[in-house]
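Contents: one structure, followed by commentary.
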Amino acid sequence: MNFAVRIIKNQFFPIKVSDNVKLCHGQMVLVRTEKGEEAHRVFLVNPQIQAQWDKFKPEPLPFVRVMNERDLAELEEIKKLEIQALYKCRELAEKRNLSMNLIQTRYTFDKKKITFYYTAPERVDFRELLKDLTQEFKRVRIDLRHIGVRDETSILQGIGVCGQAYCCCSFLKKFESVNTKLAKDQGIPMTPGKITGSCGRLLCCLNYEYPNYLEAAKHLPPVGSGVMTPDGIGKVAILNFLKNTIGVKLEDGKIKDYSKEDIEMIDGEVNIEIEGEDNRLNYSEEGETIDIKALDNDKNSSTGNI
């Protein structure tokens, strides 16, 4: 049987285990990574993953041992030390007036290295902070890692509006580019609560069904085109992809839904105005606005530096 551990960004790495070692799915084991000895839960590799690894097999990680009760107790103590280290680093950063948000701290199991993950709006000169940390955590290698807000969410985890675990902390390995055009083309209301996640960036899942909406749009008249309906001339205002209907604004100002078979495209201009979309998102309950361009600028929201 083949086993693996999940380390970063939902990537599974095989582990090199000798034949005399008995492993079970779900056990906690120690493996050796580039950071040092780390504790991880072992997973039994299913045939589908094994088939992919046979083609592009990643380098296996050295297996140290199955964690015993003493190791598990030590791991609990390490978790407590990580929390203490996080608060200490925050305190030192505040004294240095550094604009950085400490997210999480991780020790290797052998306590030879400690990694501090942080987000920051711009580059941070943490040389003095590093000196402080070196004095505070003696005989330990210090690693300060700048990550993006999407990476932050994948570390902290949580439940999305769909009721499932965030994609970034369950199966998503790589963040794809997301922009507001995806929401517009799918007819999603342009309000922050509808199109952004807890990271404050556009929802990754806007990408998932987008090709289906593009295919559906090929068979429907574009927004703004003039059409003849059973109730008279109008202009296409809304495309309801899920209902497969077309919202047409009539000359009396009302918007009515029709099926594709009930309308006919007409040539020439139709003197009916439909509401245009500007470059702002509206907080109707708070009277605030957000520039759409700010959401489209996804630069550095993910660094892959976890």
Side-chain angles (χ1 to χ4, degrees), residues 5-11 13 15 28-41 58-59 61-62 64 67 71-158 166 168-169 172-175 197-201 294 297-306:
V5 291
R6 185 170 70 178
I7 296 183
I8 56 173
K9 295 301 295 176
N10 304 309
Q11 294 185 27
F13 290 81
I15 54 177
M28 293 296 295
V29 299
L30 289 179
V31 295
R32 188 169 291 109
T33 70
E34 59 179 11
K35 296 179 182 178
E37 289 186 4
E38 295 188 62
H40 291 286
R41 191 173 302 279
E59 190 68 25
L61 296 174
V64 179
M67 296 182 69
D71 291 329
L72 294 175
E74 179 68 17
L75 182 60
E76 289 301 314
E77 291 301 315
I78 289 175
K79 290 180 180 178
K80 294 177 182 178
L81 292 176
E82 289 173 341
I83 295 174
Q84 295 172 10
L86 177 65
Y87 283 107
K88 188 60 181 180
C89 186
R90 284 178 178 171
E91 178 187 330
L92 294 173
E94 288 176 3
K95 286 183 179 179
R96 295 290 182 182
N97 294 318
L98 297 177
S99 180
M100 56 192 299
N101 180 30
L102 271 295
I103 304 302
Q104 193 178 73
T105 301
R106 288 182 182 174
Y107 267 105
T108 54
F109 187 79
D110 52 19
K111 299 180 187 176
K112 293 181 179 180
K113 183 175 182 179
I114 182 172
T115 304
F116 297 93
Y117 296 98
Y118 72 93
T119 60
E122 55 190 21
R123 190 175 179 218
V124 177
D125 184 356
F126 52 71
R127 286 175 292 184
E128 294 303 318
L129 173 62
L130 188 56
K131 292 179 183 177
D132 295 338
L133 292 171
T134 303
Q135 291 297 318
E136 185 68 30
F137 303 96
K138 300 183 184 299
R139 295 184 295 277
V140 178
R141 285 185 296 151
I142 308 294
D143 185 9
L144 283 161
R145 293 207 177 192
H146 177 223
I147 61 174
V149 290
R150 291 187 186 274
D151 300 317
E152 174 188 357
T153 303
S154 70
I155 288 177
L156 298 180
Q157 305 185 14
Y166 294 145
C168 58
C169 61
L172 196 63
K173 294 184 176 66
K174 181 180 177 182
F175 291 113
S198 62
C199 59
R201 296 295 190 267
N297 182 14
D298 207 23
K299 185 179 180 181
N300 295 328
S301 66
S302 175
T303 63
N305 200 28
I306 298 178

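All values below were derived from every heavy atom in this structure, side-chain atoms included, with hydrogens, water molecules and symmetry-related copies excluded.
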### Message
Working note: Arg150 + Leu172, criterion side chain to side chain contact (heavy atoms under 4.5 Å, CB included); need CA distance, chi angles, decisive distance, verdict.
### Response
CA-CA 11 Å; Arg150 291 187 186 274; Leu172 196 63; over 6 Å; no
### Query
Looking at Gln104, Arg145, His146, Arg90, which hits side chain to side chain contact (heavy atoms under 4.5 Å, CB included) with Tyr118?
His146
### Query
Heavy atoms, side chains only, cut-off 4.5 Å: are Gln135 and Leu92 in contact?
no
### Close side-chain approach of Val149 to Arg201, heavy-atom, < 4.5 Å
yes
### Task
Would you indicate whether the side-chain heavy atoms of Leu144 and Leu133 approach each other to under 4.5 Å?
yes
### Query
Between Phe116 and Phe137, what is the ring plane arrangement, given parallel below 30°, perpendicular above 60°, and tilted in between?
tilted
### Task
For the pair Lys95 and Asp132, evaluate side chain to side chain contact (heavy atoms under 4.5 Å, CB included) and give the outcome as yes or no after the intermediate values.
CA-CA 10 Å; Lys95 286 183 179 179; Asp132 295 338; over 6 Å; no
### Message
With a 4.0 Å cut-off on N to O distance, would you call Lys80 and Glu76 a salt bridge?
### Response
no
### Task
State, yes or no, whether a side-chain contact exists between Glu38 and Val5 at a heavy-atom distance under 4.5 Å.
no
### SG on Cys199 to OH on Tyr166, rounded to 0.5 Å
8.5 Å
### Query
Is any side-chain heavy atom of Val64 less than 4.5 Å from a side-chain heavy atom of Val29?
no
### Task
For residues Phe13 and Val31, determine if any side-chain heavy atom of one lies less than 4.5 Å from a side-chain heavy atom of the other.
no
### Task
Start with the C-alpha distance between Glu74 and Lys111, add both sets of side-chain angles, then the distance that settles salt bridge (charged side-chain N to carboxylate O under 4.0 Å, His left out), and finish with yes or no.
CA-CA 11 Å; Glu74 179 68 17; Lys111 299 180 187 176; 2.8 Å; yes
### Task
State, with a plain yes or no, whether a side-chain heavy atom of Lys79 is found less than 4.5 Å away from one of Leu75.
yes
#### Entry: Among Ile103, Thr303, Val124, Leu102, side chain to side chain contact (heavy atoms under 4.5 Å, CB included) partner for Thr119
Ile103
### Task
Check whether any side-chain heavy atom of Asp125 lies under 4.5 Å from a side-chain heavy atom of Arg123, and answer yes or no.
no
